[in-house]
Amino acid sequence: MPELPEVEVVRRGLERWVSGRAIAEVQVLHPRAVRRHLAGPVDFAARLTGRTLGPAHRRGKYLWLPLDGTGCSLLGHLGMSGQLLVQPPEAPDETHLRVRLRFTDGGRELRFVDQRTFGGLTVHPAEPGDPEATPLAIAHIARDPLDPRFDDEAFHTALRGRRTIVKRALLDQSLISGVGNIYADEALWRARLHYDRPTATLTRPQTVLLLQSVREVMAAALAVGGTSFDSLYVNVNGESGYFSRELDAYGRRDEPCRRCGTPIRRDPWMNRSSYFCPHCQRRPRLR
DNA sequence: ACGTTTTCCTGAGCGC
DNA sequence: TGCGCTCAGGAAAACG
């Protein structure tokens, strides 16, 4: 399940293998993969063909590459199971291959593979004059915690003003981007906060600790290539990351808390799961 | 307006 | 062997 560290690993792969190359041909093999490109698959392909890809950028879980001389960018989101793979042209098609980009140099092609089809690619106009050509379509996505321009103080103020709970806030991409279910649980464990804690009651030191926890766990994951539970998350060369073995909370139901030994609990939460230590992360008294 | 719920999707795993 | 059920969950749309 790609969250910020996994998407950053992919971004670095794109920067190395794809940036600077000119697109010769685009094949859309499943229309759902470009469903957010409202003008349709034919327009999508036409806007890419003949264009040279610029440097790879990322905000939260979104990735994009500027298209030379167009004022537009190729924007991608991996969703739950999306992969961007750099493959030799002769490599057999993957089962869930959705989009193929061939390049004018005849070298390795870029493939978007996505089993559950929650992810997708689009071509979107960018803010004129923006050196990074950030697509306007993601203007509502907040800066992520690894972005030097992320505003910690504004984040605290926003939390205090919301009538919601801390885990919902962590997953709200308009407040802080890049955090998904895995890193939310990991950061809350590190900060000793219960997922059901109302954000309006968070003190400034608690927000500071929470942000520090998010940054630490993401940096640690990035250092080992991200979190892979199965073959659904891999880098552009098809390799898994190793952070799953270092997880403290997520997926560790009934296993001992690495701080206090209390069995980790799994609560059903929002049609998904929350993993936490019932001793280190006490449930808030009133809701 | 804002917070909450639903919806989209496929394959693995499991009980019977 | 196979059927039906549950689970995994990002983010936008729909809902209240």
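Sequence lines set the chain letters: A, B, ... in the order given, protein chains first and strands last, and positions in each chain run from 1. Reckoned from all heavy atoms, side chains included, excluding hydrogens, waters and symmetry mates. Model, not experiment: these values are computed from the prediction.
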Nearest-Å distance, [atom1] ([X]) to [atom2] ([N])?
X	N	atom1	atom2	value
A:Leu175	C:dA11	CG	P	13 Å
A:Arg272	B:dT5	CZ	P	12 Å
A:Arg32	C:dA12	CZ	P	13 Å
A:Lys167	C:dG10	NZ	C1'	13 Å
A:Gln173	C:dA11	CD	P	4 Å
A:Met270	B:dT5	CE	P	8 Å
A:Asn271	B:dT7	CG	P	10 Å
A:Asp114	B:dC9	CG	P	12 Å

Looking at [Y], is its backbone amide N or carbonyl O close enough to the side chain of [X] to form a donor-acceptor pair, meaning the two atoms are under 3.5 Å apart?
X	Y	value
A:Arg32	A:Thr117	yes
A:Asp144	A:Gly178	no
A:Ser73	A:Ala133	yes
A:Arg160	A:Leu202	yes
A:Glu186	A:Asp248	yes
A:Glu109	A:Phe103	no
A:Ser273	A:Arg266	no

At less than 4.0 Å, is any side-chain N or O atom of [X] found next to OP1 or OP2 of [N]? Yes or no.
X	N	result
A:Arg163	B:dA1	no
A:Tyr62	C:dA12	yes
A:Arg35	B:dC9	no
A:Arg162	B:dG3	yes

Handout entry: Heavy-atom neighbours of A:His30 NE2 exceed 12 at 6.0 Å
Key = yes
Problem - Results of side-chain hydrogen bond (donor to acceptor under 3.5 Å, both in side chains) for A:Gln173 - residues two or more places apart only - result: none
Given [options], identify the nucleotide with an atom nearest to the side chain of [X].
X	options	answer
A:Ser273	C:dA11, C:dA8, C:dG10	C:dA8
A:His77	C:dC7, C:dG10, B:dT5	C:dG10
A:Lys61	C:dA12, C:dA8, C:dA11	C:dA11
A:Phe118	C:dC7, B:dT5, B:dC8	B:dC8

Donor + acceptor pair across side chains of [X], [Y] (<3.5 Å):
X	Y	answer
A:His279	A:Thr262	no
A:Tyr275	A:Glu255	no
A:Glu94	A:Gln87	yes
A:Thr122	A:Arg36	no

Exercise for the section: Output the residues of residues 132-142 of chain A in contact with DNA chain C, where contact means a heavy atom of the residue under 4.0 Å from an atom of the strand; sort by number or write none. Expected result: A:His140
Problem - Aromatic A:Trp189 / basic A:Arg259 pairing, under 6.0 angstrom, 45° off normal - result: yes
Fill in the blank from the handout: Readout for nucleotides 10-15 of chain B: B = base within 4.0 Å of protein heavy atom, S = sugar-phosphate only, - = neither; 5' to 3' it is BS----
Problem - Bend angle of the helix from B:dC2-C:dG16 to B:dC16-C:dG2, from helix axes over five pairs at each end, nearest 10° - result: 50°
Contacts under 3.5 Å, N or O only, protein and nucleotides 14-16 of chain C:
none

Using a 3.5 Å cut-off and no angle test, enumerate the donor-acceptor pairs between side-chain atoms of residues 215-222 of chain A and protein atoms at least two apart in sequence or in another chain.
unit_1, atom_1, unit_2, atom_2, d
A:Arg215, NE, A:Pro145, O, 2.7
A:Arg215, NH1, A:Asp152, OD2, 3.1
A:Arg215, NH2, A:Pro145, O, 3.4
A:Arg215, NH2, A:Asp152, OD1, 2.9
A:Glu216, OE2, A:Gln212, NE2, 2.9

